[in-house]
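See below for the structure under consideration.
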Amino acid sequence: MISQALGGGFADAPIQSARAFRAALEAMARPGRILTVEGVAPPAPLSIGAGVLLLTLCDRTTPLHLAPGHDAPEIRDWITFHTGAPLVTPGAAAFALGRWEALQPVTRFRIGQPDYPDRSATLIVEMDALTNDGAILTGPGIETTARLSLPELAAFRLNRDIFPLGYDTFFTSGDKIAGLPRSTRVEAG
Amino acid sequence: MSSERSLPPEILARRRWMGLAARSRPDRLRELLPELPAHDLLRAPEIGAVMVEGRAGGTGTPFNLGEMTVTRCSVRLGSGEVGHAHVQGRDRDHARRAAVLDALMQTDAAQGLEGGVLAPLAKEEAARRTVRAARAAATRVEFFTLVRGEDQ
Amino acid sequence: MYVAVKGGERAIDNAHAWLSQARRGDPSVPELSVAQIREQMTLAVNRVMAEGSLYDPDLAALAIKQARGDLIEAIFLIRAYRTTLPRLGSSVPVDTGEMAVTRRISATFKDLPGGQILGPTFDYTHRLLDFTLAANGSEVADVAASLAEPAEGVPHVMEFLNKDALIQAELQADGSVPDLTREPMELPASRPLRLQALARADEGFLLSLAYSTQRGYGRTHAFVGELRIGAVAVEMEIPELGFPVEIGEVELTECETVNQFTGSRTEPPQFTRGYGLVFGQSERKAISMSLVDRALRWRELGEDFTGAPAQDEEFVLMHADNIQATGFLEHIKLPHYVDFQAELELIRKLRRETEQGDLAAEEQP
């Protein structure tokens with residue numbers, strides 16, 4: 001294992017991961033809201049935002065899929081050392097990490113079962129930028145409407161149509177994160 | 001142990017010193033290795049649980065027996081060597097010291113530590129085990145036949 | 001239905017203060033240390049570790065002290081604590097064949113390789129109260145040590161029967177190990193899931209169930225093939241290293257029973273097995289576990305279900321956990337004022353209706 005890969009985790013895990021968890025919760029509860037997170041220095045091209053989410057949400061009981069572009073030895077080592085999450089194929093993943101194009105087709109990911117809709121995947125989508133413009137979001141957690149620069153609309157519409165099944169999505173760019181749960185409706189802005 | 005059979009010698013050597021450090025009594029390890037060189041914490045000492053598995057019938061399908069407390073720590077020396085430790089119990093200092101020892105054993109200091117730390121730990125552990133085995137042996141039943149039925 | 005009420009806070013604070021005093025007992029008697037409990041109440045510590053499902057003698061001793069010796073309360077404290085620990089991983093399955101035994105007996109083979117080792121057992125004591133222990137500074141007997149034979153290998157007795165194919169083989173199905181602390185238990189349960197539930201089950205409950213099989217409720221004709229107690233190394237695969245290392249040592253009690261089996265539609269006549277494995281030194285629990293494990297295996301061995309409680313997986317697994325049981329049992333002492341008011345109203349109404357009915361009946365000619 002490359003020893004350089006091991007640095008860059010939370011220095012004070014109990015406090016920092018609690019704050020990060022609060023941010024992740026806020027992002028999912030308020031779809032479209034962009035939050036700033038901190039505390040990790042992951043190997044490139046992994047963003048701080050994605051690194052924080054992985055260290056906060058993943059452990060050895062959450063199988064993770066790395067899409068091409070993020071499936072590099074340094075990233076694998078870093079994730080294994082800090083989370084212990086097993087690295088798996090898309091169909092077995094509880095979490096998936098990558099750029100939107102690299103994660104395609106997203107229909108490969110788990111959407112849960114009618115009696116256990118929670119047995120579904122959470123996607124962590126790395127973006128070049130994350131801004132409050134573009135698609136119009138409505139639904140639970142949004143008072144009127146919100147806007148978020150989504151990479152596409154069709155996939156998220158389809159995902160909303162199969163509610164309560166479906167995957168949930170985090171978007172990350174640099175130290176920014178935003179959430180798009182399966183319950184959110186999306187329209188062209 | 002059964003899992004040792006197929007491992008290369010350098011891994012067997014590392015397994016040995018990591019195991020000795022993990023099984024050592026925290027106070028004794030501190031006595032033998034009181035001063036720690038400068039090091040960075042890659043993973044600060046963390047107390048957690050490890051699920052202990054058994055096998056049905058002793059040799060069959062694995063099952064979860066119950067957890068044990070374990071503390072883990074990972075460090076990097078100034079010279080770059082990385083040391084890891086997973087030690088039974090909840091002693092953070094023990095885990096840190098064991099991780100530093102693991103890192104130091106990858107440096108030129110290894111020979112000195114072998115004589116100064118590992119050899120005494122191994123010797124004391126062997127002595128404890130011998131005492132236990134001897135006590136057990138003293139309660140072994142020596143059956144002897146008084147009268148055999150068919151001889152009468 | 002629940003109602004919020006206020007006003008108990010001062011009473012609760014005072015109750016806690018009294019509890020801590022009651023825990024301490026008479027201050028003129030020296031206080032127990034956690035180390036004293038750990039070293040001198042070892043079997044209580046073992047039980048708390050086994051049923052608390054967390055191997056840590058210091059924590060178990062602390063829990064016993066805090067719980068004033070109420071072992072189920074102490075187990076509750078350990079179960080609550082363990083939920084706060086991150087799971088760092090799973091061990092390699094322990095190899096009980098490599099156990100450093102302090103006790104090892106067989107009821108089926110007199111002359112077994114490695115011999116019968118009694119260890120520190122109560123079995124041959126006279127069960128007479130020893131008043132010398134009541135006096136301070138009682139003497140500890142010297143322990144004999146035999147250097148004649150260094151500890152040799154102590155193979156599992158069952159392997160001898162296995163070689164002759166006289167006992168049902170123990171198959172190794174690998175794959176993910178079910179964990180009832182992570183996933184809700186679903187029935188029918190696999191044997192690994194059942195064994196996990198039994199390993200943390202209440203000793204008294206298992207003892208009674210096992211006894212019921214001996215008395216005829218799901219009889220399995222068990223012999224103790226081997227009972228062993230000793231220390232076993234725990235190894236864990238460390239992801240960042242890529243190989244397993246020893247992380248410590250636990251004391252375990254293992255029981256393997258040999259059970260008569262006359263064959264079924266699917267299996268030839270042969271011996272079958274029951275298995276018990278428990279944290280610490282606890283042979284009563286390990287033997288009980290083996291008998292109950294064997295009774296629960298009727299389906300896979302093609303036996304008939306006779307309706308015996310020990311064969312009934314739902315009955316055994318859903319009632320074996322003393323923390324679940326005590327939680328549900330004891331909750332009925334907490335306020336149920338509104339539920340009870342409703343019942344009271346109902347009884348009064350029924351009573352009125354009955355009385356009116358009686359009156360009406362009397363008035364009829």
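We name chains A, B, ... by the order of the sequence lines, and we start the count at 1 in each one.
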- Positions in residues 93-111 of chain B that reach chain C, provided some heavy atom is under 4.5 Å away: none

- Item | Carboxylate-amine/guanidinium contact B/Arg129 B/Glu125, below 4.0 Å | yes

- Message: Under 4.5 Å from any heavy atom of chain B, what part of C/Tyr81 do you find: side chain, backbone, both or neither?
- Response: side chain

- When only heavy atoms count and the cut-off is under 4.5 Å, which of residues 21-41 of chain B reach chain C? B/Ala22, B/Arg23

- Region of C/Tyr275 that comes under 4.5 Å of a non-hydrogen atom in chain B: side chain

- Task: Mark yes or no for whether C/Arg228, through its side chain, and C/Val154, through its backbone, hold a donor-acceptor pair below 3.5 Å.
- Result: yes

- By a 4.5 Å heavy-atom criterion (distance strictly below it), what part of C/Glu249 contacts chain B: side chain, backbone, both, or neither? both

- Residue, of B/Ala56, B/Gly19, B/Gly89, B/Gly54, that accumulates the most heavy atom pairs under 4.5 Å with chain C: B/Ala56

- Query: Is it the backbone or the side chain of C/Pro57 that comes under 4.5 Å from a heavy atom of chain B, or both, or neither?
  - Reply: neither

- Determine whether B/Asp91 and B/Val87 make a side-chain contact, defined as any pair of heavy atoms from C-beta on separated by less than 4.5 Å. no

- Task: Determine, stepwise, if the pair C/Asp321 / C/Arg79 fulfils salt bridge (Lys or Arg N to Asp or Glu O under 4.0 Å).
- Result: CA-CA 11 Å; C/Asp321 190 283; C/Arg79 289 275 186 94; 3.0 Å; yes

- Item | Stepwise side-chain contact (heavy atoms from CB on, under 4.5 Å) test for B/Glu53 and B/Leu65 | CA-CA 5 Å; B/Glu53 292 184 8; B/Leu65 174 63; over 6 Å; no

- Task: Give a yes or no answer on whether the side chain of C/Gln168 reaches the backbone of C/Arg273 with a donor-acceptor pair at less than 3.5 Å.
- Result: yes

- Task: Give, as side chain, backbone, both or neither, the part of C/Val101 having an atom under 4.5 angstrom from any heavy atom of chain B.
- Result: backbone

- chain C heavy atoms under 4.5 Å from B/Arg16: which part of the residue, side chain, backbone, both or neither? neither

- CZ/B/Arg92: more than 12 non-hydrogen atoms of other groups inside 6.0 Å: no

- Item | Which portion of C/Ile238 sits near chain B, non-hydrogen atoms under 4.5 angstrom | side chain

- chain B: which of C/Leu195, C/Val232, C/Leu252 shares the most heavy-atom pairs with it under 4.5 Å? C/Leu195

- Task: May I have all residue pairs that pass salt bridge (charged side-chain N to carboxylate O under 4.0 Å, His left out) and include part of residues 77-88 of chain B, sequence neighbours excluded?
- Result: none

- Message: Which atoms of C/Met236 are under 4.5 Å from chain B, going by heavy atoms: the side chain, the backbone, both sets, or neither?
- Response: side chain

- Under 3.5 Å, is there a donor-acceptor pair between the side chain of C/Thr121 and the main chain of C/Asp123? yes

- Heavy atoms only: give me the nearest C/Leu77-C/Ala63 pair and the separation to one decimal. CD1-O, 3.8 Å

- In plain terms, say whether C/Glu237 and B/Arg15 are close enough for a salt bridge, that is, a side-chain N and a carboxylate O under 4.0 Å apart. no

- Among C/Ala231, C/Pro93, C/Pro192, who wins on heavy-atom pairs under 4.5 Å with chain B? C/Pro93

- Query: If you count heavy-atom pairs under 4.5 Å with chain C, which of B/Arg90, B/Arg135, B/Arg72 comes out on top?
  - Reply: B/Arg90

- Message: Going by side chain to side chain donor-acceptor pair (under 3.5 Å), name the residues that satisfy it together with C/Asn46, two or more places apart in sequence or in a different chain.
- Response: none

- Message: I'd like to know if C/Arg47 and C/Glu51 make a salt bridge, using a cut-off of under 4.0 Å between side-chain N and carboxylate O.
- Response: yes

- Message: If I measure from the heavy atoms of chain C, does B/Arg132 come under 4.5 Å with its side chain, its backbone, both, or neither?
- Response: side chain

- Side chain proximity check, B/Gln88 to C/Val250, heavy atoms < 4.5 angstrom: yes

- Query: Relative to chain B, which segment of C/Asp111 carries a heavy atom at a distance below 4.5 Å: side chain, backbone, both, or neither?
  - Reply: side chain

- Looking only at C/Gly230, C/Gly89, C/Gly248, C/Ala199, the option with the highest number of non-hydrogen pairs under 4.5 Å against chain B is C/Gly89

- Query: Relative to chain B, which of C/Arg104, C/Glu170, C/Glu256, C/Arg194 shows the most heavy atom pairs under 4.5 Å?
  - Reply: C/Glu170

- Item | Side chain to side chain, C/Ile167 and C/Thr272, heavy atoms closer than 4.5 Å | no

- Please answer whether the main-chain N or O of B/Gly66 pairs with a side-chain N or O of C/Ser53 as donor and acceptor at a distance below 3.5 Å. no

- May I ask you to decide if C/Ala50's main-chain N or O and C/Lys285's side chain share a donor-acceptor pair within less than 3.5 Å? no

- Query: Is it true that a side-chain atom of C/Glu226 and a backbone atom of C/Cys255 form a donor plus acceptor pair closer than 3.5 Å?
  - Reply: no

- Item | Under 4.5 Å from a heavy atom of chain B, the part of C/Leu180 involved | neither

- Before accepting this row, confirm whether a basic side-chain N of the pair B/Arg43/C/Glu240 lies closer than 4.0 Å to the acidic partner's carboxylate O. yes

- Under 4.5 Å, counting heavy-atom pairs only, tell me which of C/Val94, C/Thr96, C/Leu54 racks up the most with chain B. C/Leu54

- Query: Top residue by heavy-atom pair count (under 4.5 Å) with chain B, among C/Val245, C/Val177, C/Leu85, C/Leu88?
  - Reply: C/Leu88

- Which portion of C/Gln116 sits near chain B, non-hydrogen atoms under 4.5 angstrom: both

- dist B/Arg55:CZ -> B/Phe63:CZ (nearest 0.5 Å) comes out at 10.5 Å

- Message: For C/Val234, which atoms come within 4.5 Å of any heavy atom of chain B: side chain, backbone, both, or neither?
- Response: side chain

